[in-house]
Amino acid sequence: FDSLKSNNERVTNYKIFDYTVSFQDVPVIKNKYSEYAHQQIVKDESMFFGRDQIIKQLFDSISVCDDNGEYSMRDGNGIVLYGQRRSGKTSILYHLQKKIIKNAHYTIIVDLGSSGKSISKESNLLNEEELQNRNSKMTLQLLYQSIISKIRSYINFNRDINEINELYKKIKEYEVENETKVFPPDEAFRPDANCQILFNNFWDTFSNIICKNDTLEKFRVVIMIDEFTYFNAAIQQKYLPNNFMEILKAILAGSLITLVVAGQDNTIEFMDQYVNEFMSFHKEWVTFLGEDDSYKMVTEPIGENRIDPEAAKKLYIFTKGSPFLLMDVCSKLVNWMNENKILKLSGSLPDDFLTLKYMKDYEFKEDLLEPQYKDAGRTEWTPEIKMVLGLIARSTSKGVVSDLVPWNEYNDYATITDDMLEERGILSEKMHEILERLVKRDVIERQDGYQDKYRIKIPLCREWILRRGGTEYGNE
């Protein structure tokens, strides 16, 4: 510093760290991650990585292209997206919807959001007697009313699209000629009304308008539902009728409708219960990002000149490409680099950030692990699942050193026998079932060729268990 000062060179930053010294202006990195860290939907296409191919496959599975290059939706089929919580399913739905709107103009979108989740949550507030007394047709009324209302709103708000405007005109012509309204008013869905008849009458009229006009016959309605597995919980809790899936199938069988749903990793069990209803559906398991897409997610928003390729690779290894965790890590990394005037992340700096900042931060909480330890199909097993994950984490560790990231341990598998947690009340049969479900849900990995060797898939989760996990994970 004295040498630079004596030579009259400009010095703006001279705070000295144990890992870097900056004697120049360091450009601030705009934190593009912060807006989407811990948010459900990544709307910005420039921050949405690695999903172009899956969205194309999904679009192709429910659309058809005519000789003029115009797309329209197929009817009577659908898509089921399923995977771990926070794997990006909701964002995929959002961008699939945008692609449909952009490319298939003969389409009406009915986005019901996570309505199944709200139904299930409300039902949890009711005791058994109240559940028996609640008439499930009230929920069906809301569902039918929502579909009709959203069709009407979509048409009204998108009349700038020529095809939609043509449909709007034909509906108005029908209403004038027949002196009746196509869309029943909201007040028609009163408690004593037969919602099934109301919906059927509307749908018969609406579909006839479409099918009897050559210029409209390509029109289809796409119904999109997130958190679809909560409908199963609502059925079991008697907040929806037992034949709800049959009702849904009947709606689809009426043609003109394509159903797109997303659910958690136990959705496959839901589909197994209703094989006939899901037979024609395209099923897509949503995985984490691969190494190449993770690299883009790390380097493009930060700038390739600000991060070494090996540093980016370490972040991929640490998060295993989980888009939720990678977004969280990168958001905090950018803040850390700006605070410490770091020009380029390289060498040991990624390790310093992870050990001295990220894993010591107060926001490094158990919530990050929820998709791992919380099995939507076996929520009552959470204490036992935590014990099993703790056992695997400890069995692959040579001991935690707070200022080191044990990269060489992340490829190791632990030998886990069914009796290792018997003293904690987890018998071999249950241990085996927990391990199988964790493998199926992509939480842990089984070594090829072995039936008793496992490792936690995401090293970040393993480190949390070892560094922060308490007695509930079996740590002393």
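Basis for what follows: all heavy atoms, side chains included, without hydrogens, waters or symmetry-related copies.
When ring centroids are compared, F270 and F228 come within the 6.0 Å threshold. Separation of the W464 and Y473 ring centroids falls under the 6.0 Å cut-off. Centroid-to-centroid, the aromatic rings of F364 and Y358 come within less than 6.0 Å. Aromatic rings from H105 and Y71 are positioned such that their centres are separated by 6.0 Å or more.
To the nearest 0.5 Å, the span separating CD1 on I54 from NZ on K89 amounts to 10.5 Å. The structure places CD of E70 at 13.0 Å from OG of S63, a figure rounded to the nearest 0.5 Å. Atom-to-atom distance recorded for C211:SG and D204:CG is 10.5 Å, nearest 0.5 angstrom. The NE2 atom of H432 lies 11.5 Å from the CG atom of D452; values are rounded to the nearest 0.5 Å. Distance check, rounded to the nearest 0.5 Å: CG of L460 to CE of M359 gives 7.5 Å. Note that the CG atom of L435 and the CD1 atom of I385 stand 10.5 Å from one another [nearest 0.5 Å].
At distances below 3.5 Å, not a single donor-acceptor pair connects side-chain atoms of H95 with backbone N or O atoms of D52. At distances below 3.5 Å, at least one donor-acceptor pair connects side-chain atoms of N475 with backbone N or O atoms of I465. Of the possible polar contacts, one joining the Y36 side chain to the D44 backbone as a donor-acceptor pair under 3.5 Å is found. Within the 3.5 Å criterion, the main-chain N or O of I29 finds a donor-acceptor partner in the side chain of N338. Panel note: side chain S397, backbone A393; no donor-acceptor pair is recorded below 3.5 Å. Side-chain atoms of S61 come within 3.5 Å of backbone N or O of L58 as a donor-acceptor pair. A donor-acceptor pair is defined here as one N or O able to donate and one able to accept, closer than 3.5 Å; no such pair exists between the side chain of S149 and the backbone of Q145. Distance alone, capped at 3.5 Å, is enough to place a donor-acceptor pair between the Y33 side chain and the M297 backbone.
Across S331 and N31, no two heavy atoms sit closer than the pair O-ND2, 2.9 Å. Shortest non-hydrogen contact noted between S91 and I41 is OG-CA, 3.4 Å. When every heavy atom of W381 is checked against every heavy atom of E433, the shortest pair comes out as CH2-CD, 3.3 Å. Counting all heavy atoms, side chain and backbone alike, Y410 lies closest to V405 at OH-CG1, 3.5 Å. Listed here is the closest heavy atom pair of A311 and L345: CB-O, 3.6 Å. Of all heavy-atom pairs between T355 and K360, the closest is O-CG, 3.4 Å.
For the pairing with Q84, the side-chain hydrogen bond (donor to acceptor under 3.5 Å, both in side chains) check across K374, R441, Q372, K457 returns one residue only, Q372. Here the rule is salt bridge (charged side-chain N to carboxylate O under 4.0 Å, His left out) with E366, and of R467, K386, R468 only K386 fits it. When each of K440, K453, R455, R462 is checked for a salt bridge (charged side-chain N to carboxylate O under 4.0 Å, His left out) with E445, only R455 meets the rule.
K430 NZ: more than 12 foreign heavy atoms inside a 6.0 Å radius. The environment of CG in D160 is crowded: more than 12 heavy-atom neighbours from other residues, nucleotides or ligands sit within 6.0 Å. Counting heavy-atom neighbours within 6.0 Å of K56 NZ, excluding the residue itself, gives a total of 12 or less. The 12-atom threshold is exceeded at CG of N68, counting heavy atoms of other residues, nucleotides or ligands nearer than 6.0 Å. Within 6.0 Å of CD on E380 lie more than 12 heavy atoms contributed by other residues, nucleotides or ligands. Atom CD of E35 sits in a sparse spot, with 12 or fewer heavy atoms from other residues, nucleotides or ligands closer than 6.0 Å.
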Subject >> Worked verdict on V64 versus S72 for side-chain contact (heavy atoms from CB on, under 4.5 Å) >> reply: CA-CA 6 Å; V64 60; S72 59; 3.4 Å; yes

Subject >> side-chain contact (heavy atoms from CB on, under 4.5 Å) between V261 and I225, worked out >> reply: CA-CA 5 Å; V261 301; I225 306 175; 4.0 Å; yes

**OP:** Step by step, work out the salt bridge (charged side-chain N to carboxylate O under 4.0 Å, His left out) result for D361 and K332.
**Re:** CA-CA 10 Å; D361 194 274; K332 292 180 172 62; 5.6 Å; no

**OP:** Could you please spell out the steps behind the side-chain contact (heavy atoms from CB on, under 4.5 Å) verdict for D351 and K314?
**Re:** CA-CA 9 Å; D351 297 54; K314 283 185 174 181; 2.8 Å; yes

Subject >> Evaluation steps, side-chain hydrogen bond (donor to acceptor under 3.5 Å, both in side chains), between D412 and T396 >> reply: CA-CA 6 Å; D412 295 342; T396 55; over 6 Å; no

**OP:** Take L333 and L315 through the side-chain contact (heavy atoms from CB on, under 4.5 Å) test and state the conclusion after the steps.
**Re:** CA-CA 10 Å; L333 171 66; L315 298 184; 3.7 Å; yes

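Put simply, the side chain of F281 does not reach to within 4.5 Å of the side chain of M271, judged on heavy atoms. Under the 4.5 Å side-chain criterion, counting only non-hydrogen atoms from C-beta, T229 is not in contact with E269. Between N156 and F183 there is no side-chain heavy-atom pair separated by less than 4.5 Å. For the pair Y154 and I164, the minimum side-chain heavy-atom distance is below 4.5 Å. With contacts defined as side-chain heavy-atom distances shorter than 4.5 Å, the pair L289/R51 qualifies. Under the 4.5 Å side-chain criterion, counting only non-hydrogen atoms from C-beta, F199 is in contact with I148. No side-chain heavy atom of T90 sits under 4.5 Å from any side-chain heavy atom of L93. For the pair K218/D66, a side-chain contact is recorded, criterion being any heavy-atom separation below 4.5 Å from C-beta on.
Aromatic ring orientation, Y82 versus W285: perpendicular (interplanar angle above 60°, classes split at 30° and 60°). Ring geometry for Y106 versus F219: interplanar angle over 60°, hence perpendicular rather than tilted (30 to 60°). Using a 30° and 60° split on the angle between ring planes, F231 and F244 fall in the parallel class, below 30°. Between F206 and W203, the ring planes lie tilted relative to each other; the angle falls in the 30° to 60° range.
Because its NZ or CZ atom is both nearer than 6.0 Å to the ring centre of F59 and within 45° of the ring axis, K99 counts as a cation-pi partner of that residue.
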